[in-house]
There are 2 protein chains.
Amino acid sequence: MSVQETRQQILRAALKLFSERGFMGATTREIADEAGVAEVTLFRHFLSKDYLFEETLKGYSFLPELQEVLAKIQGMDYEEGMNVIALSFFEALKKRRDIIRIIQSEVYRYPEKIHLAYHEMIDGLIKALSGHLRGLQKKGLLRDFDPYNGARAFMGMIFSLFNMQEILLRSKYRKEDENTLIAAFVNIFIRGTIA
Amino acid sequence: MSVQETRQQILRAALKLFSERGFMGATTREIADEAGVAEVTLFRHFLSKDYLFEETLKGYSFLPELQEVLAKIQGMDYEEGMNVIALSFFEALKKRRDIIRIIQSEVYRYPEKIHLAYHEMIDGLIKALSGHLRGLQKKGLLRDFDPYNGARAFMGMIFSLFNMQEILLRSKYRKEDENTLIAAFVNIFIRGTIA
DNA sequence: ATGTAATGTAAGTGCTTACTTACTATGTCA
DNA sequence: TGACATAGTAAGTAAGCACTTACATTACAT
């Protein structure tokens, strides 16, 4: 196993355990075990538990999915496009569940670093969605409203669903409910913003 | 200071420190100091730190505000009523910021207890708002949609705003923005659901 | 005034845990 | 083969922290 692989193993284990037990609740011993390395190896790769935590926060932007989705919705009508965006956003959130859980749980620990990680994830999305809505407005498809506020409303509905299902109540729900809810959200938003 | 007062002091201090530093980050020593009592007094009132935590979670339902608001919006038109509901909900969330922060941070600790506290806060609200929307539907004021989904959409937008501003980025925003956003959310929702 | 319930002071116990040190083992490349 | 980088084993250190114990103090009710 190369140095980089070992490092990644440790980061993966840290992500998992920090998310399951919180920063203080996860011991360096457990993280090392989970990663399949000796505890001392962890400390050879990362100066301290704090430093390991900071490294764990890096590199979770939504950019890959974002670009993919923006391409995909070209040529779709408004409702269809927003549906795709909603579902992709929801899936992207799920994929990053562990890191989001950590962000929400440990805000008080390193406010700046956490804020950074948060903005890194979200800002681009809001901007992109606002831009998309603004474009549709210019085409006369949407009524007059602030696209930034619209984007916040749209993402807020979906984020709350994610937060309730995946962060607070892991598992106590059915997939069908989830899709029904998202469809309903999109429907309300469409009707609320169409020209 | 009576026994009950001392107990309340400790609970208040615990709420504050658990929310600021997390369950494990807050020491019983600090909580006692914050409450202005000796550490041993804390343990005379609460068997253990765990037990203190559980007690801290109790009694934060939204019922008082809920009843107040339901009375207040009688006779208002749809948009006006929803505006009042949105603002009240947002204020109610802010008022419970500490406990909500704890709930979000410590879900993994006592899933059942946390879920209980969560449902105690939210379920009544969803039910009440659904009921309100259903009533308006029956009067023919709103189009046909599932009021439960509508309630989730509405509360989701506002909760996300709260979550972003008060939990993640405490303070880095202006009150005007907040009101503008809420008004925009309500507006989109109104137009998306009206007959 | 005195007994009782609540609190404080002070010291300590035992466990956990981040992090270290010293030495050994293994694999890779010259 | 041997030098070097990387990882493992094992033992330990020092600090923090929940919780306890023993005893002194205060306040209030009868």
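In what follows, chains carry the letters A, B, and so on, assigned in the order in which the sequence lines appear, proteins first and then strands, with residues in each chain numbered from 1.
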> Using whole Å, what does the distance between atom C1' of nucleotide C:dT20 and atom CZ of A:R29 come to?
15 Å

> Is the shortest side-chain N to carboxylate O distance from A:E106 to A:K113 below 4.0 Å?
no

> To the nearest Å, how far apart are B:E5 CD and C:dA5 P?
20 Å

> Kindly point out which of C:dT7, C:dA18, D:dA7 is positioned nearest to the side chain of A:H45?
D:dA7

> In whole angstrom, give the distance that lies between atom NZ of A:K49 and atom P of C:dT16.
15 Å

> Looking at C:dG8, does its base get a donor-acceptor pair with the side chain of B:R44 below 3.5 Å?
yes

> Indicate whether OP1 or OP2 belonging to C:dG8 is found under 4.0 Å from a side-chain N or O atom of B:T41.
yes

> Distance under 6.0 Å and angle within 45° of the ring axis: does A:K49 meet both against A:F23?
yes

> To the nearest Å, how far apart are A:I31 CD1 and C:dT17 P?
12 Å

> Return the nearest nucleotide to the side chain of A:T6; candidates are D:dA18, C:dA18, D:dA7.
D:dA7

> Starting from the 5' end of DNA chain D, give me the residue, B:L47 or A:S2, whose nearest nucleotide shows up first.
A:S2

> Measure from CG on A:D33 to C1' on C:dT17 and round the result to the nearest Å.
14 Å

> Which of these nucleotides, C:dG8, D:dT9, C:dC19, is closest to any side-chain atom of A:V40?
D:dT9

> What is the distance, to the nearest angstrom, from the CD atom on A:E39 to the P atom on C:dT16?
14 Å

> Taking any heavy-atom pair under 4.0 Å as a contact, classify A:G25: base, sugar-phosphate, or nothing.
nothing

> For B:V37, report the nucleic acid contact type (base, sugar-phosphate, nothing); a contact means any heavy atom under 4.0 Å.
sugar-phosphate

> Nearest to the side chain of A:T27, heavy atoms from C-beta on, is which of D:dA18, D:dT9, C:dT17?
C:dT17

> Could you tell me the separation between the CZ atom of A:R21 and the P atom of C:dT17, rounded to a whole number of Å?
10 Å

> What is the minimum heavy-atom distance between A:I188 and B:A153, and which atoms define it?
CD1-CB, 4.2 Å

> Expressed in angstrom and rounded to an integer, what is the separation of B:F53 atom CZ from D:dA18 atom P?
14 Å

> Look at all strands and tell whether A:A26 reaches a base, only sugar-phosphate, or nothing, counting heavy atoms closer than 4.0 Å.
sugar-phosphate

> Is a donor on one side and an acceptor on the other found under 3.5 Å between the side chain of A:R101 and the backbone of A:E166?
yes

> Within 45° of the axis and under 6.0 Å from the centre of the six-membered ring of A:F62, does NZ or CZ of A:R96 qualify?
yes

> Phosphate oxygens OP1/OP2 of C:dA18: is one of them under 4.0 Å from a side-chain N or O of A:T28?
yes

> Using the closest heavy atom to pick a nucleotide of DNA chain C for each, name whichever of A:M24 or B:R7 lands nearer the 5' end.
B:R7

